[in-house]
Amino acid sequence: MLDDSAFDLRKYLNNNGQSAGVWIALVALIIFGLLRYDNFGSAYNIVSFLNYNSMFILIAIGMCFVIMTGGIDLSVGSVAAFTSVCAAYLSPFGIEVALPGGVLAGAVIGGINAFVIIVMRVPPFIATLATMLGAKGGALVISGAQTISVDWSSNFTKFGMEKAFGILPWTIVATLVVFFIAWIVLERTPLGRSVLAIGGSEEASTLMGLKVNRAKAFVYIFSGACAGLAGVFLASSYGAGQPLEGIGWELSAIASVVVGGTLLTGGLGSIPATLAGALLLGLVFNILNFENGKGTISLSAYWQLVIRGGFLFVVILLQTRVIRKRQAVS
Amino acid sequence: MALPLLTAKSIDKAFSGVAALTSAELQIEGGEVHGLIGQNGAGKSTLIKIITGVYRRDAGTVEFDGGEASFINPREAQSAGIATIYQELNLVPLRSVTENIVMGNEPRKWGGLIDWKTANSQTKKVLSDFGLDLDVERPLGEYSTAIQQLVAIARAVSLNAKLVIMDEPTSSLDDKEVAVLFGVIRQLKQTGVSVLYVSHFLDELFEVCDRVTVMRDGQTIGCHQIAETDKFELIAEMLGRNIEDIKSAGMTDFGGGEAKRGEVLLQADNIGTDNRLRAFSATVHRGEIVGLGGLLGSGRTEAALALFGVDQLTQGRMVFKGEGFEPDDPVTAIRSGLGLLSEDRKAEGIIPDMSVRENLTLALLPRLTRAGQIQRGREREIVENFVKALGIKTADIDQPIRELSGGNQQKVLLARWLATEPDLLILDEPTRGVDVGAKLEIQSIIREYVDRGCGVILISSEFEELVEGADRIVVLQDGYSVSELENPGISEDILIAAIAHHHDEVSGANA
Ligand SMILES: Nc1ncnc2c1ncn2[C@@H]1O[C@H](COP(=O)(O)OP(=O)(O)OP(=O)(O)O)[C@@H](O)[C@H]1O
Ligand SMILES: [Mg+2]
């Protein structure tokens, strides 16, 4: 799909049960921002927006895979907090060690999720709820409930704060790489298609002879690794391992995935639409910030949450109406 | 003589203490089409699932292709050369037709990435052997049950297996599609592939099979050369009864055409919907079974959906029980006294994890509730009555319905609707997957039901069932009701002629 010269977005979305709704909303919001705020389209705003949201995009991509199998991963926020601490401790060895270390730590927790869910047959909601608490506890224990300052003398913080070849921040580059890999894996590999098939019907997938357990293990480990990488971003961008961060991240990730039109029961989903969903949610905050900055209104962080919730509700409402129409047709 | 391709010896299997198979045997030669028959719950599907690694056997041995075969999952069986179409279709409706066909052995290109272009064209080619021309990138679920069944078969055939197992492959197919399937089976046989063929349609066995194995109550009763046996012997063996009794009983037993016709219950005048129903007219009286005849896609199911309020009318009108009737949704239809047993039992019918009892009384709950409490005693009584009347084979009524054999699940669904006692019951393929013995019972229950003053609309792809069961048959064609036949006097030939005749006329008019 990626290398087809005549890539037909509408057909692609349609065949993946997606509506163009999330894209339209995204474009509309961007145009709104460009017209209303002077600095909205500035390179600074764009880069810092993407930089900040790259963590959430990563987690949403991992979550998307899990949800497409019909599962859920509640542990991602805690995992990111945990790996941010791990990365902070590893920072004296440089990013070459701290980044793989953080990702590995996340993948290990994902592996635990996979083991508990696949081998011990614990429902994903419960299994990942347990690791959510466990990872949170782990982060607090190894950090002594303190933020762990990173080693500024190594190249660790360069990753979160500097630009690759002076163009784009490293975090954005890394996120793009993960995004494209995830997209190709989903669209072009048997593994990715198995993920969708399992969400459609796990029983049928087993009877078809697909490697169901392998695919399920993959999604949880991948989600853990994505959260692990997000934790590295966190430590590197803010100069500290933060055991108390990550609260509610899993819910934003789930929201991004759902806004992107991925079916919560699995079987239908798309990586680009998940990216759009994550950007959309981030953009609402960005615009509210600009609005506050203009001084016309002054919204507290609490009100921002309420507005974001309302916005989410509207988008999801539109999505489900489209999906229902599809089902009525069939 | 060459070794048999597959030998299963003294297979035992119990589910939580209840024996499903006791020393079952099966032997299939290379290049042979082998039939497997038995009543609902005899253990056919269980035996297949043991051979293909879905279930573990408790005892016994399986040899395949010259080696011992203990597959631990369906994938191993598949790679060893056994392709299986399981009874409950093993497909993923949300995913595309192509994915459903190629999953597990996708064509690849550089880097191991899936080559979708080749996959799509391969799929198109495989399907064209079955006379299907689909948009293979659309989700499979958008197509009819029959097409889904053909896709499942196409998938199995495309796996290049040494043995293709088909568990009731024809349950949703009409005669034409069955003929296509038989063509494919013969082709497989010619290339040396063996086929294990499970069916309740004995005529089919005589058409394609070389040998047939009969099972009863989890045991293998016998194995015959098809040329050396006949229908009566097979039925007698299946049911464990005397051949003479079977011969005198007759095959179908609605006793069509004897009904005392009561007042008009439903009248539909030129109704049409957006869903391929153009102009359908029919009248149903109390005490009458009205059959809908026609080829697949002629609008039989769509007519049922219109009557039941699933599809909204775009034209025409209906009168039900003397009043104008246009239900907005199934709930209104049910309230007015309508019932619909749908053809798609998996998607619309059963709730797999609920018990037989709960599944059976689901539609009945409002009436079983007194002061907010479900009357358990009455519920049990009703359920047990139906289990007995329909011969539903279940360990006890609280067993999850997914553990029942396919035919027995179908009986539970039928019971669900009978229990609500609607004035007009629409039955879409009510005896799908039901064995010959139970078919007789179900048919006589339907007859008893209308004798009490209700009406039934019967949809069936089996001409025999329609001809012998219905008092009248409305013939449909491309969404139009084109003619009406009256019993007594209808024969299968007359019905086929009616369907075919109008077919030519309609297509002639279009040309
Ligand atoms: N997973 C299960 N758990 C418990 N009991 C089961 C399970 N699967 C099958 N059975 C029982 O095993 C028996 C044999 O069932 P099976 O599905 O093999 O019958 P069948 O011959 O295929 O019948 P049908 O013609 O209706 O498809 C039935 O009594 C059924 O209730
Ligand atoms: Mg069966």
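Each chain gets a letter, A, B and so on, in the order the sequences are listed, and its residues count up from 1.
To the nearest 0.5 Å, atom CD of residue E106(B) and atom OG of residue S194(A) are 6.5 Å apart. Atom OG of S205(A) sits about 12.5 Å away from atom CZ of R75(B), to the nearest 0.5 Å.
Within a 6.0 Å sphere centred on CZ of F125(A), heavy atoms belonging to other residues, nucleotides or ligands number 12 at most. For CG of D133(B), the number of neighbouring non-hydrogen atoms (other residues, nucleotides, ligands) closer than 6.0 Å is 12 at most.
Under a 3.5 Å cut-off, the side chain of W116(B) and the backbone N or O of R188(A) do not form any donor-acceptor pair. Checking side-chain atoms of R155(B) against main-chain N and O of M208(A) turns up a donor-acceptor pair under 3.5 Å.
Among the candidates T98(B), V102(B), V92(B), I114(B), the single residue satisfying the side-chain contact (heavy atoms from CB on, under 4.5 Å) test with R193(A) is I114(B).
With a threshold of 4.5 angstrom between heavy atoms, N100(B) approaches chain A through its backbone and through its side chain.
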Any chance you could lay out the side-chain contact (heavy atoms from CB on, under 4.5 Å) test for N73(B) and T206(A), step after step, and finish with the verdict?
CA-CA 8 Å; N73(B) 57 35; T206(A) 311; 5.5 Å; no
Checking L207(A) against T84(B) for the side-chain contact (heavy atoms from CB on, under 4.5 Å) test, could you report, in this order, the C-alpha distance in whole Å, the side-chain angles of both residues, the deciding distance, and whether it holds?
CA-CA 8 Å; L207(A) 293 179; T84(B) 313; over 6 Å; no
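M103(B) and L210(A) get closest at one heavy-atom pair: CE-CD1, 3.5 Å. Contact detail for L94(B) and G267(A): the closest heavy-atom pair is CD1-CA, 3.9 Å. Considering every non-hydrogen atom in both P190(A) and G112(B), the closest pair reads CD-O, 4.2 Å.
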